[in-house]
Enquirer: 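Dropping a structure here in C-alpha cells format, bear with me for questions.
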Amino acid sequence: MKNKKTLVLGASTKPERYAFKAITMLVEKGHSVLAIGQNQGEVAGISIRTKNIPLKNIDTVSLYLNALRQREYYNYIIETKPKRVIFNPGTENPEFYQLLKSNNIKVEEACTLVLLATNQY
C-alpha cells in the first residue's frame, strides 16, 4: 500500500473521538500524518498543532470539523492543493465541495476509518 500523506483537520487527543481513531489507524497503516486541532497534544506519536502549518505534497485532507468551522480553512486547504478531501460523517458541506471541485480537488463523502479498514484508502 502506498503512503498517502494525510492532514487530519479537527484532530483531538480524546480517545473516543473519531479524529483520534483516524490518526491512530493512519499511523498503524503506515501513512504520514499531520494534525491540526483546537488543542495541542499528541496522538500515536503525532503532534497536534493549533495553527495552520505550511504544507507540501499532501495527498489527503480528512475533515473532522462541521461545515461552519470549515470556513476558516477553505483557502488554507485549497492552497495546500491536496489530491482529495474526505468529508467524514457529520462534515458534509456542499458549498465547500464546489470550491474544491473548481480547484480540481477531489471530494469524497466517506469515512476515513472505513476506507482504511477495507483497504480502500
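These values consider heavy atoms only, across backbone and side chains, with no hydrogens, waters or symmetry-generated copies. Residues: numbered from 1 along the sequence shown.
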Enquirer: What heavy-atom pair brings Ala19 and Ala11 nearest, and what distance separates the two atoms?
Expert: CB-CA, 3.9 Å

Enquirer: Start with the C-alpha distance between Leu99 and Ile78, add both sets of side-chain angles, then the distance that settles side chain to side chain contact (heavy atoms under 4.5 Å, CB included), and finish with yes or no.
Expert: CA-CA 8 Å; Leu99 284 170; Ile78 290 166; 4.1 Å; yes

Enquirer: State which residues pass salt bridge (charged side-chain N to carboxylate O under 4.0 Å, His left out) with Lys106; sequence neighbours excluded, sorted by chain then number.
Expert: Glu108

Enquirer: When rounded to the nearest 0.5 angstrom, what distance separates CG in Leu55 from CG in Leu34?
Expert: 6.0 Å

Enquirer: When rounded to the nearest 0.5 angstrom, what distance separates CE in Met25 from CG in Leu116?
Expert: 5.5 Å

Enquirer: Closest approach of Leu65 and Gly10, non-hydrogen atoms and distance?
Expert: CD2-CA, 3.7 Å

Enquirer: How would you list, by chain and number, every residue that makes a salt bridge (charged side-chain N to carboxylate O under 4.0 Å, His left out) with Lys81, sequence neighbours excluded?
Expert: none

Enquirer: Are Ile48 and Ile36 connected in the hydrophobic side-chain network, where two residues link if heavy atoms are under 4.5 Å apart?
Expert: no

Enquirer: Partners of Thr60 by side-chain contact (heavy atoms from CB on, under 4.5 Å), sequence neighbours excluded?
Expert: Thr6, Arg84, Ile86, Tyr121

Enquirer: About how many Å separate CG of Leu63 and CG of Asn88, when rounded to the nearest 0.5 Å?
Expert: 7.5 Å

Enquirer: Treating Ile, Leu, Val, Met, Phe, Trp and Tyr as nodes and any side-chain heavy-atom pair under 4.5 angstrom as an edge, say whether Ile58 and Val8 lie in one connected cluster.
Expert: no

Enquirer: Are the side chains of Leu26 and Lys4 in touch, meaning some heavy atoms are under 4.5 Å apart?
Expert: no

Enquirer: Going by the rule side-chain contact (heavy atoms from CB on, under 4.5 Å), which residues pair with Ser32 if we only count those two or more places apart in sequence or in a different chain?
Expert: Asn3, Lys5

Enquirer: Could you name each residue pair satisfying side-chain hydrogen bond (donor to acceptor under 3.5 Å, both in side chains) that touches residues 41-55, not counting sequence neighbours?
Expert: none

Enquirer: Kindly write out the residues that satisfy side-chain hydrogen bond (donor to acceptor under 3.5 Å, both in side chains) with Glu109, not counting sequence neighbours, or none if the list is empty.
Expert: Tyr97

Enquirer: Can you find a pair of side-chain heavy atoms, one from Ile77 and one from Leu100, that are under 4.5 Å apart?
Expert: yes

Enquirer: Applying side-chain hydrogen bond (donor to acceptor under 3.5 Å, both in side chains), name anything that partners Thr13, two or more places apart in sequence or on another chain.
Expert: none

Enquirer: Members other than Leu68 in its cluster, when Ile, Leu, Val, Met, Phe, Trp, Tyr link by side-chain heavy atoms under 4.5 Å?
Expert: none

Enquirer: How far apart are the closest heavy atoms of Ala110 and Leu115, and which atoms are they?
Expert: CB-CD1, 3.8 Å

Enquirer: So Val107 and Val85, do their side chains get closer than 4.5 Å, heavy atoms only?
Expert: no

Enquirer: Of all residues at least two apart in sequence or in a different chain, which pass the salt bridge (charged side-chain N to carboxylate O under 4.0 Å, His left out) check with Glu95?
Expert: Arg71

Enquirer: Rounded to the nearest 0.5 Å, what's the gap from CD1 on Ile23 to OG on Ser12? Could you check?
Expert: 8.0 Å

Enquirer: With rounding to the nearest 0.5 Å, note down the distance linking NZ in Lys83 to CG in Asp59.
Expert: 4.5 Å

Enquirer: Check Phe87 against Gln70 and note the closest heavy-atom contact, atom names and distance.
Expert: CE2-OE1, 3.5 Å

Enquirer: Kindly write out the residues that satisfy side-chain contact (heavy atoms from CB on, under 4.5 Å) with Thr118, not counting sequence neighbours, or none if the list is empty.
Expert: Val114, Gln120

Enquirer: Any ring-ring contact (aromatic ring centres under 6.0 Å, His included) involving residues 35-83? Give me the pairs, sequence neighbours left out, ordered by first then second residue.
Expert: Tyr74-Phe96

Enquirer: List the residues meeting salt bridge (charged side-chain N to carboxylate O under 4.0 Å, His left out) with Arg69, not counting sequence neighbours, and say none if there are none.
Expert: none

Enquirer: Any donor-acceptor pair under 3.5 Å linking the side chain of Lys21 with the backbone of Leu113?
Expert: no

Enquirer: To the nearest 0.5 Å, tell me how far His31 NE2 sits from Ile46 CD1.
Expert: 12.0 Å

Enquirer: Taking the side chain as C-beta and beyond, is there a heavy-atom pair between Thr24 and Val43 under 4.5 Å?
Expert: yes

